[in-house]
Structure formats: C-alpha cells, structure tokens
Amino acid sequence: MAKIVILFDFDRTLIDGDSDNWVVTEMGLTEIFHQLRFTLPWNRLMDRMMMELQSQGRSIDDIESCLKKMPIDSHVIEAIKSAKSLGCDLKIVSDANQFFIEKILEHHDLLDCFSEIYTNPTSLDDNGNLRILPYHSDALPPHSCNLCPSNLCKGLVMDHIRASSSNDQIPRRFIYLGDGGGDFCPTLKLRECDFVMPRTNYPLWKKISDNPLLIKAEVKEWSSAEEQQRILLQLVSTITKEEDS
C-alpha cells in the first residue's frame with residue numbers, strides 16, 4: 001500500500017485565520033504594523049513586530065497566551081486526528097513561524113500528529129526575546145524561484161520531502177492543502193497520482209484556475225472546514241481502496 005503524505009499549509013488552511021495577523025491585532029500592534037507594512041518583507045516585518053513587543057515590556061509568555069486563544073475548527077481537528085489514526089504521515093509547510101505554529105497546535109493537542117513542520121524558524125535572543133528568522137537562511141545563496149518569497153520556497157521543501165523518501169520501499173502519494181500564492185510552486189511538483197486541495201476563491205485556487213494545463217495532480221477544492229474534513233478523508237479512503245485492490 002502507498003504511504004499517504006498529507007501536507008498542510010497553516011494560515012487560512014489548517015486555521016481559518018492568519019496567525020501573524022492574530023498576534024498583531026490581539027497584542028495592539030496594528031498601527032505600527034501598517035506604518036511599516038510596505039517597508040520590509042513580511043518575514044522581517046514580523047520579526048520587527050516581536051522587537052516592538054519587547055520594547056513595550058511584553059514577554060514571550062504574553063505571546064504564548066495570545067496564541068492559545070487562536071481557534072481551530074473542530075472539523076479540522078477531527079480530520080487531522082482521523083488521518084493520523086489511519087496511518088497517514090502529516091506535515092506542515094508554512095510561511096508562518098515555528099513558535100506560533102507549535103504553540104497553537106500544542107494548545108489544541110495536535111502537535112504530536114505532525115511528523116515534520118517546515119516553516120520559518122524562531123529563536124530566543126540573549127535577552128529572552130522571540131526572534132523570527134527566514135527558512136532560507138541569509139547566510140545561504142538565495143533560491144532562484146520567482147514564484148515564492150525570498151525567505152521560503154515551498155517547492156524546494158517539496159523536493160526535499162520527496163528526495164527523503166526516494167529510497168523507501170513503499171511509494172508515497174501526496175495530498176497538498178493550501179490557500180496562498182506560495183502554495184502554487186509545490187502544487188506544480190505534484191504528480192498525476194497526487195491531489196491538491198485549494199481553498200475556493202483564494203490565491204492558490206485562482207492560480208490553478210488560470211493555469212490548469214500546468215497542474216498534473218487532481219484538484220479537489222474546498223471552502224469550509226466541514227468540506228475540508230469530508231473531502232480529505234474521502235481522498236484517504238479512495239487512495240487506500242485503490243492500493244488495496
């Protein structure tokens with residue numbers, strides 16, 4: 001039987017909203033965020049927001065408390081736990097960041113469901129303040145993909161995941177769920193036996209609709225958490241039955 005690998009984007013896919021915007025809004029950073037919005041790349045802007053929180057005397061515990069309030073729809077929670085129990089390998093590929101993702105998943109008892117999380121790393125500086133770093137380190141040569149932001153090419157992550165399984169005795173079939181323009185690059189790397197699940201009327205869906213001949217994978221769109229759960233588990237069932245027969 002094929003190994004089913006499910007790749008989730010995080011913001012507006014696994015969670016309905018955006019974790020960065022949630023922290024900016026809930027922690028009172030909206031004004032300075034909008035002042036700096038177009039002066040820095042998004043990844044650096046969010047790092048700058050963490051420094052702003054530090055200057056206001058806010059701690060990493062304050063950020064964690066904010067993240068714990070971020071909701072995840074019960075249908076998504078059920079889908080993740082069901083897919084995990086059915087033997088699927090679940091991973092996250094996201095342009096959010098390690099601390100935000102892990103704390104939200106941890107609060108909803110989902111962190112252990114994922115074997116890997118590919119995202120912008122975080123660290124604590126010498127003063128114990130949260131810093132957000134680019135996935136593709138500034139110390140490395142820039143990636144050459146013109147579809148993705150400089151800090152993260154999800155297509156390269158897809159290449160890495162596929163290469164890591166090249167010696168497996170069991171073939172892998174992928175289901176990719178996403179919403180944003182950054183999810184188009186990895187979608188182009190999916191094969192005929194794979195599936196992509198774009199969120200309806202979001203940038204990934206629009207790019208797929210505009211470039212259907214470039215997509216090899218079968219497209220299964222969704223618009224709500226309930227639809228996401230139903231379609232994802234149907235695909236897992238379909239793949240399992242195909243392989244068993």
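Model, not experiment: these values are computed from the prediction.
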> If you take all heavy atoms of Gly155 and Cys185, which pair is closest and at what distance?
Replying inline: CA-SG, 3.5 Å

> How far apart are the closest heavy atoms of Cys113 and Leu90, and which atoms are they?
Replying inline: O-CB, 3.6 Å

>> Using modelled atom types and a 3.5 Å cut-off, is there a donor and acceptor pairing between side-chain atoms of Ser94 and backbone atoms of Thr119?
In response: no

> So do the side chains of Cys145 and Leu156 get within less than 4.5 Å of each other, counting heavy atoms only?
Replying inline: no

>> Any side-chain to backbone donor/acceptor pair from Arg173 onto Cys193? Under 3.5 Å, distance only.
In response: yes

> Any side-chain heavy atom of Ile92 within less than 4.5 Å of one from Leu105?
Replying inline: yes

> Shortest non-hydrogen contact from Pro212 to Asp210?
Replying inline: CD-C, 3.4 Å

>> Quick check: is Leu233 connected to Tyr176 through a chain of hydrophobic side chains (ILVMFWY, heavy atoms under 4.5 Å apart)?
In response: no

>> Can you confirm whether Glu102 sits close enough to Glu106 that some side-chain heavy atom of one is under 4.5 Å from a side-chain heavy atom of the other?
In response: no

>> Strictly below 4.0 Å, N to O, side chains only: are Arg162 and Asp159 in salt-bridge contact?
In response: no

> Is the CD atom of Glu31 crowded by more than 12 outside heavy atoms at less than 6.0 Å?
Replying inline: no

>> Measuring only between side-chain heavy atoms, which start at C-beta, is Asp9 closer than 4.5 Å to Lys154?
In response: yes

> Is there a donor-acceptor pair under 3.5 Å between the side chain of His107 and the backbone N or O of Glu64?
Replying inline: no

>> Using side-chain heavy atoms (C-beta onward) and a distance below 4.5 Å, is Leu110 in contact with Lys84?
In response: no

> Does Asp194 reach the main-chain N or O of Phe174 with its side chain, forming a donor-acceptor pair under 3.5 Å?
Replying inline: yes

> So, does His75 use its side chain to make a donor-acceptor pair with the main chain of Gln228 at under 3.5 Å?
Replying inline: no

>> Please check if the number of heavy atoms outside Lys91 that lie under 6.0 Å from its NZ is greater than 12.
In response: yes

> With a 4.5 Å limit on heavy-atom distance, are the side chains of Leu29 and Gln56 in contact?
Replying inline: yes

>> To the closest 0.5 Å, what do you measure between OG (Ser150) and CG (Asn43)?
In response: 7.5 Å

>> Donor-acceptor check, side chain of Lys207 to backbone of Gly181, threshold 3.5 angstrom: yes or no?
In response: no

>> Counting neighbours of CG on Asp112 that are heavy atoms of other residues, nucleotides or ligands and sit closer than 6.0 Å, is the number greater than 12?
In response: no

> Taking atom SG of Cys88 and atom NZ of Lys3, what is their separation to the nearest 0.5 Å?
Replying inline: 8.0 Å

> To the nearest 0.5 Å, how far apart are OG1 in Thr187 and CZ in Phe195?
Replying inline: 14.0 Å

> What do the steps show when you test Ile63 against Lys103 for side chain to side chain contact (heavy atoms under 4.5 Å, CB included), and what is the final call?
Replying inline: CA-CA 10 Å; Ile63 302 171; Lys103 293 305 175 183; over 6 Å; no

> How many angstroms lie between atom CG of Asp89 and atom OG of Ser115, to the nearest 0.5 angstrom?
Replying inline: 3.5 Å

>> So Ile80 and Leu14, do their side chains get closer than 4.5 Å, heavy atoms only?
In response: yes

> Hey, any chance Trp42 and Met49 share a hydrophobic cluster, counting ILVMFWY side chains that come within less than 4.5 Å of each other, even indirectly?
Replying inline: yes

>> Once rounded to the nearest 0.5 Å, what's the spacing between atom CE of Met50 and atom CD1 of Ile60?
In response: 10.0 Å

>> Treating Asp183 as the side-chain partner and Asp179 as the backbone partner, does any N or O pair qualify as donor plus acceptor under 3.5 Å?
In response: yes

> Any donor and acceptor pair, going by atom type alone, linking the side chain of Ser82 with main-chain N or O of Ala79 inside 3.5 Å?
Replying inline: no

>> If I compare all heavy atoms of Gly57 with all of Asp62, which pair ends up nearest, and what's the gap?
In response: O-OD2, 4.5 Å

> Between Asn97 and Thr122, do the side chains contain an N or O donor and an N or O acceptor separated by less than 3.5 Å?
Replying inline: no

> With the 4.5 Å side-chain cut-off for hydrophobic clustering, are Leu130 and Leu133 part of the same group?
Replying inline: no

>> Within the supplied structure, the quantity of interest is the number of heavy atoms (other residues, nucleotides, ligands) at a distance under 6.0 Å from Glu226 CD; does it exceed 12?
In response: no

> Between Leu214 and Trp205, is there a shared hydrophobic cluster once you connect ILVMFWY residues whose side-chain heavy atoms come closer than 4.5 Å?
Replying inline: no

> When you measure from the side chain of Trp22 to the backbone N and O of Pro71, does any donor-acceptor pair fall under 3.5 Å?
Replying inline: no

>> Is there a salt bridge (Lys or Arg N to Asp or Glu O under 4.0 Å) between Arg199 and Asp16? Walk through the geometry before answering.
In response: CA-CA 11 Å; Arg199 188 171 183 177; Asp16 186 53; 2.6 Å; yes

> Which atom names give the shortest non-hydrogen contact between Thr240 and Val236, and what distance separates them?
Replying inline: OG1-O, 2.7 Å

> Please walk me through it: do Met158 and Leu188 pass side chain to side chain contact (heavy atoms under 4.5 Å, CB included)?
Replying inline: CA-CA 10 Å; Met158 174 66 79; Leu188 295 176; over 6 Å; no

> Do you reckon Tyr202 sits in the same ILVMFWY cluster as Ile72, going by side-chain contacts under 4.5 Å, direct or chained?
Replying inline: no

> When rounded to the nearest 0.5 angstrom, what is the spacing between CE in Met27 and CG in Leu53?
Replying inline: 4.5 Å

>> Could you go through Arg48 and Leu40, starting from their C-alpha distance and side-chain angles, then the distance that decides it, and tell me whether this counts as side chain to side chain contact (heavy atoms under 4.5 Å, CB included)?
In response: CA-CA 9 Å; Arg48 175 68 177 78; Leu40 294 167; 4.1 Å; yes

> Can you find a pair of side-chain heavy atoms, one from Asp11 and one from Asn21, that are under 4.5 Å apart?
Replying inline: no

> Is the side chain of Asn120 donor-acceptor paired with the backbone N or O of Tyr135 at a distance under 3.5 Å, no angle test?
Replying inline: yes

> Do you know which two heavy atoms are closest between Gly180 and Leu204, and how far apart they sit?
Replying inline: O-CB, 3.4 Å

> Going through the distances and angles, do Lys189 and Lys216 end up as a side chain to side chain contact (heavy atoms under 4.5 Å, CB included)?
Replying inline: CA-CA 8 Å; Lys189 297 177 180 290; Lys216 297 178 182 177; over 6 Å; no

